[in-house]
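Okay, structure first, notes after.
Labels below follow one simple rule: chain letters A, B, ... track the order of the sequence lines, proteins then strands, and each chain is numbered from 1.
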Protein chains: 2
Amino acid sequence: MNYSRQRELILETLKENVVHPTAEYLYEKVREKDKNISLATLYRNLNKLAQMKLIRKIDGLENSAHFDHNTHEHYHFICDKCGKVFDVDCNIAPETFKQIQDTTGCLITGHDITFHGLCSECKGENQ
Amino acid sequence: MNYSRQRELILETLKENVVHPTAEYLYEKVREKDKNISLATLYRNLNKLAQMKLIRKIDGLENSAHFDHNTHEHYHFICDKCGKVFDVDCNIAPETFKQIQDTTGCLITGHDITFHGLCSECKGENQ
DNA sequence: AAATAAAATGATAATTGTTATCAATTAAGA
DNA sequence: TCTTAATTGATAACAATTATCATTTTATTT
């Protein structure tokens, strides 16, 4: 993988955003810094960075993917009402993986957990 | 929700498929039984059935959603090489949910776990 | 420093999966 | 049977993402 200024800018911009932005949102932010960056370049680099495990791609949300610069092992909660995504820390017993591998013969190299429900704000509201 | 012959046919066809078909695959199968069923009807019903928790929608895969008639609590393994999806049974300690809810104030109503890696067949192959 | 090959880019067309629209049909209750 | 709401089929529209391709940039070799 060669160096590219655009990729560096994209990664840097993703790190500045605490939230888990979509490509669309990130595109706006990146364009504020470099008006010439192409949408294709953004997608190409997000995919490449995710592939190299430098960032994470979160899908399973409404329509579009979200991206996360936090590469520590952690999970996500998605509010079914407002769509907010936040990080969740919890532990999965290591035996779980071993047991699955032993019974199925597969090799587990990664896993994602997505919790759904209502965030603290939406929980309070009626309707 | 009113009765519809098409919906019954779609659900029945999904149950016949042990795998976790995409809408596209299911469309083929359904059309083998009724040549007049529309793609829109298929999508409409898959979404409605998922919403009523009569089936499950699995996203977070390549591009398209997969559907699962197994509504028991279970998880999925996806082979990163051949794309196969299979069911995984394992237990998440109930305290986990409580702990997340207590620390974040959210209400968890559901969760999905997706394991990634290589299935037993692909694991053996070189390259 | 010049030459070269591989990688990356910007612009945009194309694709893919899915949803919206709308007139016609069907289901269910009064 | 009448009425209303739900559902359908056909197809247009849409939104997110990817492919194409000529040009530019990066890294390597001479």
Quiz prompt | Between C:dT9 (C1') and A:L9 (CG): distance, integer Å | solution = 14 Å
Quiz item: Going by atom types only, do A:Y25 and A:H20 share a side-chain donor-acceptor pair under 3.5 Å?
Solution: no
Self-check item: Check: A:R7 side chain, A:N2 main-chain N or O, donor-acceptor pair, under 3.5 Å
Solution: yes
Quiz item: Which residue, B:N2 or B:E24, contacts DNA chain C at a nucleotide closer to its 5' end, judged by nearest heavy atom?
Solution: B:E24
Exercise. Please determine, for the side chain of A:R44, which listed nucleotide (C:dA11, C:dT21, C:dT18) has the closest atom?
Key: C:dA11
Quiz item: Starting at CZ of B:R5 and ending at C1' of C:dT26, how long is that distance when rounded to a whole Å?
Solution: 11 Å
Quiz prompt | Value rounded to 0.5 Å, distance of CG in B:N45 from CG in B:L14 | solution = 11.5 Å
Exercise. Rounded to 10°, tell me the angle between the two end axes of the helix from C:dA1-D:dT30 to C:dA30-D:dT1, each built from five pairs.
Key: 30°
Quiz prompt | Side-chain N,O (A:Y43) to OP1/OP2 (D:dT18) below 4.0 Å | solution = no
Quiz item: Are A:S38 and C:dT9 close enough that a side-chain N or O sits under 4.0 Å from OP1 or OP2?
Solution: no
Quiz item: Base, sugar-phosphate alone, or nothing: which one does A:L39 contact when heavy atoms must sit under 4.0 Å apart?
Solution: base
Practice problem: Send over the distance from B:K35 NZ to D:dA10 C1', rounded to a whole Å. | Solution: 14 Å
Exercise. Could you tell me whether the side chains of A:D68 and A:H76 share a donor-acceptor contact shorter than 3.5 Å?
Key: yes
Quiz item: Whole-Å distance between D:dA16 P and A:L26 CG?
Solution: 14 Å
Quiz prompt | Spacing between A:L46 atom CG and C:dA8 atom P, to the nearest angstrom | solution = 14 Å
Exercise. Tell me whether the centres of the aromatic rings in A:H111 and B:Y75 are closer together than 6.0 Å.
Key: no
Self-check item: Presence of B:Q6 side-chain N/O under 4.0 Å of C:dT26 phosphate oxygens OP1/OP2
Solution: no
Self-check item: Closest to side chain of A:A65, choosing from C:dG10, D:dT17, D:dT8
Solution: D:dT17
Quiz item: What is the distance, rounded to the nearest whole Å, between atom CG of A:L11 and atom P of C:dA8?
Solution: 14 Å
Quiz item: Quick one: CG on A:L118 to CZ on A:F77, what's the gap to the nearest 0.5 Å?
Solution: 6.5 Å
Quiz item: Taking CG from B:N45 and P from D:dT7, how many angstroms apart are they, rounded to a whole number?
Solution: 8 Å
Quiz item: Within the pair A:S64 and D:dT17, is there a side-chain N or O less than 4.0 Å away from OP1 or OP2?
Solution: no
Practice problem: Report yes if at least one side-chain N or O of A:S4 is closer than 4.0 Å to OP1 or OP2 of C:dT9; otherwise report no. | Solution: yes
Quiz item: How many Å lie between OH on B:Y25 and P on C:dT18, as a whole number?
Solution: 17 Å
Practice problem: Give a yes or no on whether a salt bridge exists between A:K33 and A:E12, defined as a side-chain N under 4.0 angstrom from a carboxylate O. | Solution: yes
Quiz item: Looking for any heavy atom pair under 4.0 Å, which part of the strands does B:Y3 touch: base, sugar-phosphate only, or nothing?
Solution: sugar-phosphate
Quiz item: Does the side chain of A:N47 get closer than 4.0 angstrom to OP1 or OP2 of D:dT18 through an N or O atom?
Solution: yes
Quiz item: So what does B:R7 hit on the nucleic acid, given a heavy-atom distance under 4.0 Å: a base, only sugar-phosphate, or nothing?
Solution: sugar-phosphate
Self-check item: B:T13 side, atom OG1; B:L11 side, atom CG - distance, nearest 0.5 Å
Solution: 8.5 Å
Quiz item: Would you say a side-chain N or O of B:K48 is under 4.0 Å from OP1 or OP2 of D:dA6?
Solution: no
